[in-house]
Number of protein chains: 2
Amino acid sequence: MAVDREQVLTQAAALLARRATTSMDEIARAAGISRATLHRHFAGRDALIRALEQHGIERFTQAMDAARLDDGPACDALRRLITEAEQVAGVLAFLFTENQLFEGAEINAGWARLDARLHALFRRGQEQGEFRIDLSAAWLTEAFYGLIGAGAWSVHEGRVARNDLNHSIAELLLGGIRRSMEK
Amino acid sequence: MAVDREQVLTQAAALLARRATTSMDEIARAAGISRATLHRHFAGRDALIRALEQHGIERFTQAMDAARLDDGPACDALRRLITEAEQVAGVLAFLFTENQLFEGAEINAGWARLDARLHALFRRGQEQGEFRIDLSAAWLTEAFYGLIGAGAWSVHEGRVARNDLNHSIAELLLGGIRRSMEK
DNA sequence: CTGCAGTGAGACATTGACGTCTCATTCGGG
DNA sequence: CCCGAATGAGACGTCAATGTCTCACTGCAG
């Protein structure tokens with residue numbers, strides 16, 4: 001009975017990430033509820049988007065907390081983050097592709113905090129000699145989002161197996177495409 | 001006098017990539033023309049989107065041709081492609097993020113052909129031992145688009161200098177984040 | 001100068017989504 | 001079993017964007 005708010009938001013993110021003009025009716029049907037019920041839980045389209053942003057920020061914050069970004073080698077921290085972020089990939093992809101939403105500067109603050117934490121991880125990795133320094137931390141941050149989004153899309157389209165996603169993102173990000181000559 | 005169709009499409013891609021719900025009026029004003037004139041050149045919103053797809057496919061095809069993907073080491077071919085694709089990054093980012101567009105199967109064919117060429121490049125790199133084989137060519141293809149899109153966005157937001165974009169994408173894709181121990 | 005092609009500005013009806021409402025139904029707890 | 005809360009289905013009115021149209025203006029070629 002009680003509508004699963006989490007489920008609705010996840011569905012909405014999946015649809016909106018793929019087509020930003022998805023109607024409330026489509027979102028409702030995808031979530032298995034009626035448009036009326038959707039409106040009962042979210043005052044309107046704007047409210048739904050806002051909730052989606054909030055939800056995404058909260059989930060990603062949890063993922064960062066769980067990954068303990070400040071502990072141990074930056075490489076390992078990044079791997080942990082990818083593992084944690086994988087479950088939020090759909091919502092993250094939406095937030096990343098629809099960045100125009102952040103024009104109202106309120107939510108911007110929450111997102112900026114996440115950005116800063118990720119940025120700090122890459123900087124730490126550079127300072128401690130684990131990461132290369134010819135790629136700016138800002139770029140690595142953006143690239144991280146881009147790969148998470150591409151990964152979510154690839155799984156959704158069936159081009160990448162969900163089980164491989166973690167490894168695919170982490171290895172590409174850390175090691176790149178080129179075949180390593182060592183060992 | 002004569003409206004610069006190229007200019008209009010480029011502007012439209014930039015706006016639509018950032019906010020897919022951008023109105024025809026906003027697009028027209030961004031392109032420096034009136035809404036009436038915009039409608040004179042593109043029958044409607046759908047027609048504009050279609051033209052954008054077509055334009056993006058053509059430009060990316062040209063980029064691939066210019067990069068000579070089949071010549072020499074795959075690494076070098078990939079670098080050339082990134083250099084060429086950089087100029088189309090805005091349109092590519094739009095096409096990649098709004099993948100929903102490809103439901104009408106006509107354009108799908110043109111896009112699929114580009115996908116196949118890119119896929120083939122990665123496969124060639126793997127078969128010739130340049131690229132690692134634990135990352136599927138399909139994933140590398142998607143990741144390529146993701147990084148191009150993230151790069152275009154980063155430049156647009158001022159987080160990455162345009163001059164660095166080429167190097168940033170190519171190096172991250174080929175070598176990854178981790179600092180190389182060799183040499 | 002004249003004519004014309006292209007454009008800007010704006011009016012207009014249409015369309016589709018949105019938000020609100022009502023009413024019947026269903027599910028679950030007491 | 002019964003009642004209430006939650007839901008589904010649908011009917012509206014509203015509104016913004018769209019697409020089409022007209023009319024006046026501009027710039028340029030002849």
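Just so it is clear: chains get the letters A, B, ... in the order the sequence lines come, proteins before strands, and each one is counted from 1. FYI, side chains are in, hydrogens and waters are out, and symmetry mates aren't considered; it's all heavy atoms of this structure.
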Quick one: salt bridge (charged side-chain N to carboxylate O under 4.0 Å, His left out) partners of Arg162(A), sequence neighbours excluded?
none
For Asp25(A), give me all partners under salt bridge (charged side-chain N to carboxylate O under 4.0 Å, His left out), at least two apart in sequence or on another chain.
Arg29(A)
Under 4.0 Å between a side-chain nitrogen and a carboxylate oxygen: does that hold for Asp65(B) and Arg117(B)?
yes
Kindly give the atom pairs (protein nitrogen or oxygen, nucleotide nitrogen or oxygen) under 3.5 Å for nucleotides 12-18 of chain D.
residue, atom, partner, partner atom, Å
dT18(D), OP1, Met24(B), N, 3.4
dT18(D), OP1, Arg45(B), NH1, 2.8
dT18(D), OP2, Met24(B), N, 2.9

To the nearest 0.5 Å, how far apart are CG in Leu92(B) and CZ in Phe144(B)?
7.5 Å
With nearest nucleotide decided by heavy atoms, which residue, Ala43(A) or Ser34(B), maps closer to the 5′ end of DNA chain C?
Ser34(B)
Result block: side-chain N/O donor-acceptor pairs under 3.5 angstrom for residues 169-176 of chain B, not counting sequence neighbours:
residue, atom, partner, partner atom, Å
Glu171(B), OE1, Arg132(A), NH2, 2.8
Glu171(B), OE2, Arg79(B), NH1, 2.9

Less than 4.5 Å apart, any side-chain heavy atom of Glu142(B) and any of Phe96(B)?
yes
Rounded to the nearest 0.5 Å, what separates atom OG1 in Thr61(B) from atom CH2 in Trp111(B)?
9.5 Å
Which protein N or O atoms sit under 3.5 Å from an N or O of nucleotides 21-24 of chain D?
none

If you find the nucleotide of DNA chain D closest to Ile33(A) and the one closest to Asp46(B), which residue's nucleotide is nearer the 5' end?
Ile33(A)
Rounding to a whole Å, what distance do you find between Gln7(A):CD and dT7(D):P?
14 Å
Could you tell me which residues satisfy salt bridge (charged side-chain N to carboxylate O under 4.0 Å, His left out) with Arg59(A), sequence neighbours excluded, listed by chain and number?
Glu6(A)
Over how many whole Å does the gap from His41(B) atom NE2 to dG8(C) atom C1' extend?
12 Å
Here the distance between atom P of dT20(C) and atom CG of Leu38(A), to the nearest Å, is 12 Å
Quick one: Arg5(A) CZ to dT7(D) P, roughly how many Å, whole number?
13 Å
